[in-house]
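Computed over heavy atoms, backbone and side chain alike; hydrogens, waters and symmetry mates excluded. Here is the naming used below: chain letters follow the sequence lines, and residue numbers restart at 1 for every chain.
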Number of protein chains: 2
Amino acid sequence: MPGPRAATPQAEPRRPRIAAAERERMIVDAAIGFFAEEGFSGQTRQLAQSLGISHSVLYRHFPGKQELIATVCTELFERRWREEWIEILRDPAVSLEERLLRFYQEAGTLLLAPEWMRIAVMTGLSGAATPSGLSSLLQDRIIHPLADAIQAEGSDRPLPRNIAEERAWALHGRVFYLGARGAIWRGATPRSQDEALAVAIAGFCRGARALAQAET
Amino acid sequence: MPGPRAATPQAEPRRPRIAAAERERMIVDAAIGFFAEEGFSGQTRQLAQSLGISHSVLYRHFPGKQELIATVCTELFERRWREEWIEILRDPAVSLEERLLRFYQEAGTLLLAPEWMRIAVMTGLSGAATPSGLSSLLQDRIIHPLADAIQAEGSDRPLPRNIAEERAWALHGRVFYLGARGAIWRGATPRSQDEALAVAIAGFCRGARALAQAET
DNA sequence: GCGCTTTGTGACCAGGCGGTAAATAGTCGC
DNA sequence: GCGACTATTTACCGCCTGGTCACAAAGCGC
């Protein structure tokens with residue numbers, strides 16, 4: 001009779017060995033899609049299965065599920081952001097509307113992707129503290145640059161800062177909700193997301209322009 | 001020796017008996033707050049404990065956890081809606097801005113409450129089909145009435161329907177995001193929610209008014 | 001007071017789940 | 001080719017968790 005933990009060699013013909021760094025990348029990439037779909041209560045065994053490995057491998061590379069989730073959040077909220085997206089908003093040769101549109105077209109590949117939206121919302125619902133990466137992404141890389149661009153547009157009289165931020169929140173809220181309808185509730189957005197984005201930004205800009213004219 | 005399932009009578013002095021209908025109300029009310037906080041993966045035992053009862057009682061009144069969650073959703077997305085809130089939007093004696101503000105002040109007691117927002121988002125993330133009550137609430141009781149009110153405001157030339165709905169989504173997205181920042185991520189909203197609501201609606205209306213002027 | 005119905009309890013079950021450890025087997029440096 | 005390193009697997013642990021069951025007791029009609 002074998003001892004209590006005799007690992008009987010089963011027929012498991014091939015075991016591709018993959019370097020640790022690459023395996024970790026594979027795990028994080030798969031975990032993003034997996035947790036986005038299943039929620040943070042998704043089972044590590046199922047995630048491992050989708051990778052074609054046994055779930056113990058996860059625990060060799062990450063101390064625990066929480067740390068894996070934290071890595072997923074860092075990847076989404078910090079590593080995948082491109083700082084040059086902010087530069088788009090600063091180009092003085094391009095109209096505000098065009099800048100906003102290009103900004104959201106580029107940044108939207110990250111921010112409006114279902115995985116990003118769903119996991120961002122999950123972190124909020126999970127009860128844990130909001131990841132610092134997420135709040136700083138929102139504040140420092142989205143709202144503030146947007147407000148800067150909006151503020152600079154009032155040619156004759158500079159727009160007060162708080163009003164500019166107000167409008168930045170309004171625009172971003174509109175865009176976020178646009179993405180959320182598709183990513184969270186999977187409702188069919190009336191048009192293609194790109195088109196809807198253009199309409200939303202055009203509406204915002206025409207409103208802002210008209211407002212500026214009406215106030216002079 | 002007692003049989004395998006001999007319920008040994010323990011010291012449990014008082015057991016207040018409560019009528020089924022009332023108990024069910026108590027359970028649903030507690031479940032709303034509980035699931036809003038803990039997520040749908042919150043444990044039935046913990047919910048029961050917060051009610052001061054054993055978790056078996058839940059299964060006397062509801063066939064299973066899923067049915068309890070479904071009841072919670074029906075309560076939030078159907079039963080708690082007041083049809084008269086829509087009437088606020090139709091009052092011709094009141095300005096559009098005032099109507100919108102009053103509408104969101106009233107409906108906001110439901111729609112912007114953390115329990116409502118968090119559970120509405122959870123249903124989206126849960127992967128199950130969006131509850132019909134939620135989509136019909138959004139479409140029939142919010143977006144369409146809003147669009148009606150906005151459309152009727154273009155005094156000389158009636159606003160095209162699709163534009164009016166576009167603006168309704170924009171306004172509602174702004175308001176939703178306003179609530180979400182507090183309810184989902186628990187970020188401190190810069191001002192009181194009531195004040196922020198007034199600013200958002202004022203901004204929307206001034207924009208719309210300016211737009212209408214600019215286009216004539 | 002008596003018995004019937006209804007409300008509540010605690011023990012229990014079976015499967016799920018995060019996490020661990022011993023054993024196995026590719027692969028790389030030499 | 002060989003040993004050391006390390007990626008990977010199988011088996012297992014212990015707790016959690018939705019759900020069930022037999023039983024106890026509170027209230028109501030009579």
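Summarising the geometry of B:Phe40 relative to B:Thr123, their closest heavy-atom pair is CE1-N, 4.0 Å, with the distance given to 0.1 Å.
Under the rule for a salt bridge (charged side-chain N to carboxylate O under 4.0 Å, His left out), the partners of B:Glu87 that lie at least two apart in sequence or sit in another chain are B:Arg90.
Look at CD on B:Glu67: it is 12 Å from C1' on D:dG18, rounded to the nearest Å. The CD-C1' distance, from A:Glu38 to C:dG16, rounds to 15 Å in whole Å. A straight line from CD1 of A:Ile18 to C1' of C:dA25 spans 15 Å, rounded to a whole angstrom. To the nearest angstrom, P of D:dT9 lies 12 Å from CD of A:Gln49. We find that CZ of B:Phe62 is positioned 13 Å from P of C:dG8, with the value rounded to whole Å.
The side chain of A:Tyr59 sits closest to C:dG18 out of D:dT17, C:dG18, C:dG8.
Residue A:Thr44 places at least one side-chain N or O under 4.0 Å from the OP1 or OP2 atom of C:dG18. Within the structure, every side-chain polar atom (N or O) of A:Ser56 is placed at least 4.0 Å from both OP1 and OP2 of D:dT9.
The residue B:Arg23 sits close only to the backbone: its heavy atoms come under 4.0 Å of sugar-phosphate atoms, none of a base. As judged by a 4.0 angstrom heavy-atom cut-off over every strand, B:Ala20 is placed among residues touching the sugar-phosphate backbone only.
In this structure, B:Arg141 contributes its side chain and B:Glu83 its backbone to no donor-acceptor pair below 3.5 Å.
Between the base of D:dG18 and the side chain of B:Arg45 there is a donor-acceptor pair shorter than 3.5 Å.
The shortest side-chain heavy-atom distance between B:Phe62 and B:Thr44 does not fall under the 4.5 Å cut-off.
The nearest heavy atom of DNA chain D to B:His55 and to B:Arg17 marks one nucleotide each, and the one closer to the 5' end goes with B:His55.
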